[in-house]
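As structure tokens, the structure follows; a few thoughts come after it.
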Amino acid sequence: MADNDDILLKIRHSAAHVMAEAVIQIFPTAKIAIGPAIENGFYYDFDLPRTLTPEDLEEIEKLMKAVIKGKHTFTRQVVSRKEAEAMFKDQPYKLELIAELPEGEEISIYTQGAFTDLCRGPHVANTGEIDPAGVKLLSISSAYWRGDEKREQLQRIYGTAWRNKKELDAHLTMLEEAKKRDHRKLGRDLEIFFFDDEIGPGLPLWMPKGGVIIEELEKLAKEMEAAAGYERVKTPHLTKESLFLKSGHLPYYAESMYPPMELEGTTYYIKPMNCPFHHKIFGCRTRSYRELPLRLAEYGTCYRYEKSGELFGLMRVRSMQMNDAHIYCAEDQFETEFMAVIDMYNAYFKLFGIEKFLMRFSTHGKEGLGKKYVDNEALWLKTEDMVRKVMTKSGIPFTEVADEAAFYGPKIDVQIWSAIGREFTLATNQVDFAVPERFNLKFMNKAGTEETPLCLHRAPLSTHERMIGFLLEHFAGALPVWLSPVQVAVIPVAEPFNGYVAEIEAMLKTKGIRARADLSSDRFNAKIRLAQAEKIPYMMIAGEQEQTKKTVSVRLRTGEQLKDLAQSAFADLVKGKITSRSLSLQ
RNA sequence: GCCGGAAUAGCUCAGGGGUAGAGCAAUGCUCUCGUAAAGCAUGGGUCGACAGUUCAAUUCUGUCUUCCGGCUCCA
């Protein structure tokens with residue numbers, strides 16, 4: 001496997017160089033930036049005299065294939081800094097990269113045919129090792145130089161590259177399949193949510209079926225949180241400006257907030273997060289160490305003015321309902337509390353069968369102290385160490401990323417990927433050693449002196465929006481029974497059995513099962529097709545035989561059939577799957 | 001927010017300087033039908049919005065709005 005990855009990496013990285021060569025053939029004055037191999041392919045960033053069109057893409061692909069067929073050798077050469085600077089004197093982006101290479105580091109260049117690039121490698125030995133039928137350019141987009149929105153905007157060409165045509169086709173088919181499980185498409189087809197121009201971008205409308213899913217998720221959260229010692233609170237959507245000044249969010253966070261409202265000389269803001277409200281509840285009176293850990297939970301609705309281009313279906317919205325909670329604890333309780341939160345994540349992920357995720361530990365960056373981060377290096381180091389220890393002890397794999405923390409402390413984020421491959425933070429668990437201080441939160445410790453608690457911010461079920469967006473994709477719309485808006489479609493074989501079917505529907509409903517009889521004039525086959533398209537887990541079918549024997553036949557959405565079940569046996573089966581929140585249907 | 005693309009019926013899409021079409025869905029009628037699409041009929045569109053060019057704009061041009069692919073950013 002490692003060998004495979006290795007050769008694919010070389011093919012992709014080499015394809016990027018070949019593409020750069022092709023682009024330079026068309027635009028001799030092109031300035032080249034960087035062109036790495038990425039998952040499934042490669043890209044290269046260019047500064048070009050004009051914007052590229054889809055026709056250019058075809059032309060570039062044609063030229064690439066010609067270059068590949070030329071069977072040019074990739075030659076590696078080590079050069080001095082001076083030589084490199086002379087070689088790339090017309091390539092400002094390369095010069096910038098060279099200038100940043102540390103003294104003493106080897107500077108290598110790779111040449112194939114007429115194209116030379118500053119590059120660390122590795123590459124295939126010869127362009128002939130790339131199968132031209134395994135390479136395809138996918139899209140043109142833009143990218144900022146060095147990922148900095150204040151710097152030059154470059155044109156990026158994305159491509160995919162594989163060992164051969166068969167692998168390429170398989171990948172393209174996979175992309176097509178992924179589009180079908182895109183939550184934006186499923187959400188509309190299954191009538192779960194939609195957006196309306198008159199309401200506004202990023203403000204989803206949840207339809208009745210979406211409402212069911214939300215209710216079920218909240219029920220789950222309530223159960224889990226009650227069992228873990230959380231208490232539920234409710235706080236307003238609005239607050240005076242002074243609260244966010246105190247929390248430090250203004251002006252730091254102002255550009256992500258809806259603009260202020262002025263009324264009778266007072267300025268109000270809509271809340272982008274719940275923390276300051278919960279801090280107020282903690283601080284409403286003197287707290288005793290006996291009350292800690294105090295865990296305040298709320299499915300709080302927040303509003304954030306995300307930049308227009310950042311919106312993405314349900315995964316990135318402007319109004320969101322967060323599975324929020326704040327845990328106030330003493331320092332010696334931190335490890336247990338933090339671990340309990342991680343355990344809760346894992347319980348949820350197991351319940352949903354989420355296997356592909358990454359826990360990311362974000363720490364501060366020294367340079368941001370006093371700017372991006374609260375200016376207290378000792379506390380940063382201390383809390384980061386605490387988190388690192390807990391995580392290591394838990395044995396859960398995680399990656400550590402510097403300079404990605406929240407401004408008040410280190411955090412563990414859970415990263416997931418959308419159907420089309422975009423990465424998102426699903427859940428988060430953040431340490432806050434700074435804001436309780438700002439709110440002057442205190443508890444009386446055993447010794448009778450005042451102490452400031454630590455605060456954990458956590459949202460294991462993310463927001464309803466992102467969670468449901470993710471779950472729709474994760475299950476390709478075929479939600480587990482307990483989350484399915486309609487759990488049983490009750491279908492008569494023909495009209496004369498409508499009465500029997502309605503009886504069964506009523507019986508299932510009294511047992512708390514979401515059943516829906518289809519008494520329309522459609523033919524029986526069409527009813528099955530509709531229920532199947534709606535991804536209803538159970539299609540309960542009844543006709544002459546069932547009516548006589550007082551039984552039911554069941555078709556699962558997987559296509560399997562259960563024949564001649566007693567009515568009660570079927571109801572018990574469904575009920576069991578619901579209460580156990582099972583992923584299986586039988 | 002930035003770069004590029006797009007917007008025609010509830011959905012998927014065709015069309016094109018002379019005010020629009022299909023399939024599915026919806027509605028009505030007919031039909032005694034066993035595990036993924038019965039038949040017939042009917043209704044439905046300021047062709048995203050606002051300007052401009054033109055005898056005439058849904059079609060051409062501009063601005064705006066929204067969506068899509070990325071970048072940046074994030075629950």
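Quick caveat, the model's predicted, so the values are computed rather than measured. Just so it is clear: chains get the letters A, B, ... in the order the sequence lines come, proteins before strands, and each one is counted from 1.
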Self-check item: Geometric cation-pi criterion, A:R156 with A:Y43: 6.0 Å, 45°
Solution: yes
Quiz prompt | A:R318 to A:Y305, cation-pi by 6.0 Å centre distance and 45° axis angle | solution = yes
Look at the side chain of [X] and the base of [N], then say whether one donor and one acceptor between them are separated by less than 3.5 Å.
| X | N | answer |
| --- | --- | --- |
| A:R156 | B:C3 | no |
| A:T463 | B:A75 | yes |
| A:Y43 | B:G70 | no |
| A:R557 | B:A36 | no |
| A:S141 | B:G69 | no |
| A:E198 | B:G48 | no |
| A:R184 | B:C68 | no |
| A:R529 | B:A37 | yes |

Report the relative orientation of the aromatic rings in [X] and [Y]; use parallel for angles under 30°, tilted for 30 to 60°, perpendicular for over 60°.
| X | Y | value |
| --- | --- | --- |
| A:W206 | A:F193 | tilted |
| A:F46 | A:Y44 | parallel |
| A:F244 | A:Y269 | perpendicular |

Round to a whole Å and report the spacing from [atom1] of [X] to [atom2] of [N].
| X | N | atom1 | atom2 | value |
| --- | --- | --- | --- | --- |
| A:D522 | B:G34 | CG | P | 15 Å |
| A:E423 | B:C74 | CD | C1' | 11 Å |
| A:L565 | B:G34 | CG | C1' | 16 Å |

When the ring centroid of [X] is compared with that of [Y], is the distance short of 6.0 Å?
| X | Y | value |
| --- | --- | --- |
| A:F407 | A:Y373 | no |
| A:F470 | A:F352 | no |
| A:F349 | A:F357 | yes |

Under 4.0 Å, counting only non-hydrogen atoms across every strand here, what does [X] touch: a base, just sugar-phosphate, or nothing?
| X | answer |
| --- | --- |
| A:T425 | sugar-phosphate |
| A:Y158 | sugar-phosphate |
| A:E465 | nothing |
| A:K411 | sugar-phosphate |

Quiz prompt | Pairing pattern in dot-bracket form [Watson-Crick, G-U; both distances under 3.5 Å; | = partner strand] for RNA chain B | solution = (((((((..((((....[..)))).(((((.......))))).....(((((..]....))))))))))))....
Quiz item: Could A:R304 and A:E310 be called an ion pair, given the rule that one side-chain N must be under 4.0 Å from one carboxylate O?
Solution: no
Practice problem: Let me know, please, whether A:F312 or A:P496 comes out on the 5' side of the other along RNA chain B by nearest nucleotide. | Solution: A:P496
Quiz item: On RNA chain B, nearest-nucleotide positions of A:T51 versus A:S553: which is more 5'?
Solution: A:T51
Exercise. Ignoring hydrogens and angles, state whether a donor on the side chain of A:D564 or A:T551 is under 3.5 Å from an acceptor on the partner side chain.
Key: yes
Quiz item: Quick one: which of B:U72, B:A75, B:C33 gets closest to the side chain of A:R316?
Solution: B:A75
Self-check item: Within residues 343-362 of chain A, residues whose heavy atoms come under 4.0 Å of RNA chain B
Solution: none
